[in-house]
J.: 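Here you go, one structure.
These figures come from a predicted structure and were not determined experimentally.
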Amino acid sequence: RADPMRLVVLCSAVVMLLLVSIVPPASAAAPEWRSLEDMPEALTSFTTVELLDGRVLVSMGWDGGQVPSGETWIFDPTTGEWQAAADPPGSFMAASGVAMPDGRVYVFGGPWLDQDTMTMNYQEEVLIYDVEEDIWTSGAPRPEAVSMLEAAALDEERILLVGGLDLGMMATAACYIYDTVSDSFTATDDLLKPRVAGVALSYLGDVLYAGGSDSVSLVAMKEVFRYD
């Protein structure tokens, strides 16, 4: 017959082991911000894309000059170092990029304001960056000029482009699918409401779009939409 006292001691030991395994040590430091090495240049409204190997591509954006920056850098979070990369074939601000399994980054929808003529210029073609070869090329032009759109991967070959600003500087609900294999655009179901400056992200084969503005009321929105 089992000894009751032995069972109690055994159970107590198991409980203590579990507590030790899940309770962090008292000396564990609380999370905090710390400074890393500065970016190679001061930028705002630049394109950032996490690459498949964990590094981060930083390209274009506004550096305070008459035209947007035409430079590209790759940041390695493990070493904190910045590496210069090839210059893109165009200079734009607020473009949206996606890293795909083919080893390339696809960038869409960047505008910039020509301060001499006060006219808005639009990124019409897809900008494609080959990470391994460190080469930029241009792809197919989008069927309609839209800036400040959001992009998110649907699968290993297709990218969903959502909303943005049209030529009249109005938010659009138009959505397109870009096929990285055929380098082509196909119109798809419109977003339920016109939106610009929201956030799109991939989730289990679908795309979620949250927030943004309708560019008319200039009010931030709280709706979340799902493309499936």
Side-chain angles (χ1 to χ4, degrees), residues 39 41-50 56-72 75 88 90-100 105-115 118-127 129 139 141-154 158-178 185 187-203 206-228:
M39 296 172 59
E41 59 177 333
L43 289 172
T44 185
S45 301
F46 50 88
T47 299
T48 58
V49 180
E50 182 179 357
V56 180
L57 178 138
V58 173
S59 187
M60 301 179 287
W62 188 56
D63 59 5
Q66 291 292 318
V67 296
S69 168
E71 297 185 342
T72 298
F75 176 67
S91 300
F92 299 97
M93 299 166 53
S96 183
V98 180
M100 297 295 281
V105 174
Y106 296 83
V107 180
F108 309 85
W112 72 273
L113 178 65
D114 187 324
Q115 297 185 23
M118 295 307 292
T119 57
M120 189 67 73
N121 294 276
Y122 295 90
Q123 175 194 337
E124 297 180 354
E125 299 175 331
V126 185
L127 302 184
Y129 178 67
R142 183 182 163 116
E144 57 179 312
V146 175
S147 63
M148 299 179 67
L149 55 84
E150 293 297 314
L154 281 172
R158 299 180 304 152
I159 300 170
L160 179 66
L161 310 178
V162 186
L165 286 178
D166 62 19
L167 288 175
M169 299 300 290
M170 300 295 292
T172 177
C175 296
Y176 286 85
I177 292 175
Y178 175 73
F185 292 90
T188 187
D189 189 41
D190 285 354
L191 194 63
L192 296 180
K193 296 180 181 179
R195 286 290 182 268
V196 61
V199 174
L201 58 92
S202 303
Y203 179 73
D206 298 341
V207 169
L208 303 179
Y209 185 95
S213 170
D214 62 5
S215 78
V216 177
S217 61
L218 299 179
V219 174
M221 303 299 178
K222 62 181 180 181
E223 293 103 329
V224 179
F225 305 109
R226 184 168 185 159
Y227 179 88
D228 58 5

J.: Under 3.5 Å, is there a donor-acceptor pair between the side chain of Ser202 and the main chain of Ala153?
T.: yes
J.: What I'd like to find out is whether the side chain of Ser69 reaches to under 4.5 Å of the side chain of Leu43, using heavy atoms alone.
T.: yes
J.: Calculate, to the nearest 0.5 Å, the distance between atoms OH and SG belonging to Tyr227 and Cys175 respectively.
T.: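 Nearest 0.5 Å value for the OH-SG distance: 7.5 Å.
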J.: What pairs with Leu201 under side chain to side chain contact (heavy atoms under 4.5 Å, CB included), at least two apart in sequence or on another chain?
T.: Tyr203, Leu208
J.: When you look at Val107 and Tyr129, which way does the side chain to side chain contact (heavy atoms under 4.5 Å, CB included) test go after all the steps?
T.: CA-CA 8 Å; Val107 180; Tyr129 178 67; over 6 Å; no
J.: Can you tell me if Glu124 has over 12 outside heavy atoms packed within less than 6.0 Å of its CD?
T.: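 Counting neighbours around CD of Glu124, 12 or fewer heavy atoms of other residues, nucleotides or ligands fall under 6.0 Å, so no.
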J.: Any side-chain heavy-atom pair from Thr47 and Phe92 closer than 4.5 angstrom?
T.: no
J.: Can you name the closest pair of heavy atoms from Pro111 and Met120 and give their distance?
T.: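 Residues Pro111 and Met120, closest heavy atoms: CB-SD, 3.9 Å.
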J.: Nearest 0.5 angstrom please: Asn121 CG to Thr119 OG1, how far?
T.: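 Result: 5.0 Å between the selected atoms.
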J.: At their closest point, which heavy atom of Ala99 faces which heavy atom of Val49, and how far apart are they?
T.: N-CG1, 3.5 Å
J.: So do the side chains of Arg195 and Glu223 get within less than 4.5 Å of each other, counting heavy atoms only?
T.: yes
J.: In Å and rounded to the nearest 0.5 Å, what is the CG to CG distance from Leu191 to Leu149?
T.: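 If I round to the nearest 0.5 Å, the distance is 12.0 Å.
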J.: For residues Phe108 and Ile159, determine if any side-chain heavy atom of one lies less than 4.5 Å from a side-chain heavy atom of the other.
T.: yes
J.: Partners of Phe75 by ring-ring contact (aromatic ring centres under 6.0 Å, His included), sequence neighbours excluded?
T.: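 Trp82.
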J.: Indicate the atoms forming the closest heavy-atom contact of Asp214 with Ala171, along with that distance.
T.: O-CB, 3.3 Å
J.: Look up atom CE in Met60 and atom CG in Leu127, then write down how far apart they are to the nearest 0.5 Å.
T.: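 Answer for the CE-CG pair, Met60 versus Leu127, is 5.5 Å.
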J.: Is there side-chain contact between Phe46 and Glu41, with at least one heavy-atom pair below 4.5 Å?
T.: no
J.: Looking at Gln123 and Glu125, would you say the former's side chain and the latter's main chain have a donor-acceptor pair under 3.5 Å?
T.: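 A pair under 3.5 Å: yes.
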J.: How long is the span from the OG atom in Ser59 to the CD atom in Glu71, to the nearest 0.5 Å?
T.: 9.5 Å
J.: If you look at every heavy atom in Arg142 and Ala174, which pair is closest and at what distance?
T.: NH2-O, 4.3 Å
J.: So which heavy atom on Thr72 is nearest to which on Pro88, and how close?
T.: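 Smallest heavy-atom distance, with atoms named: OG1-CD, 3.4 Å.
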J.: With rounding to the nearest 0.5 angstrom, report the CG to CG distance, Leu154 to Leu160.
T.: 5.0 Å
J.: Go through Leu165 and Ser215 one step at a time and tell me if the side chain to side chain contact (heavy atoms under 4.5 Å, CB included) criterion holds.
T.: CA-CA 8 Å; Leu165 286 178; Ser215 78; 4.1 Å; yes
J.: Classify the angle between the aromatic ring planes of Phe185 and Tyr176 as parallel (below 30°), tilted (30 to 60°) or perpendicular (above 60°).
T.: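 Rings of Phe185 and Tyr176: perpendicular, as their planes differ by over 60°.
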J.: Closest heavy-atom contact between Tyr209 and Ala197?
T.: OH-N, 4.0 Å
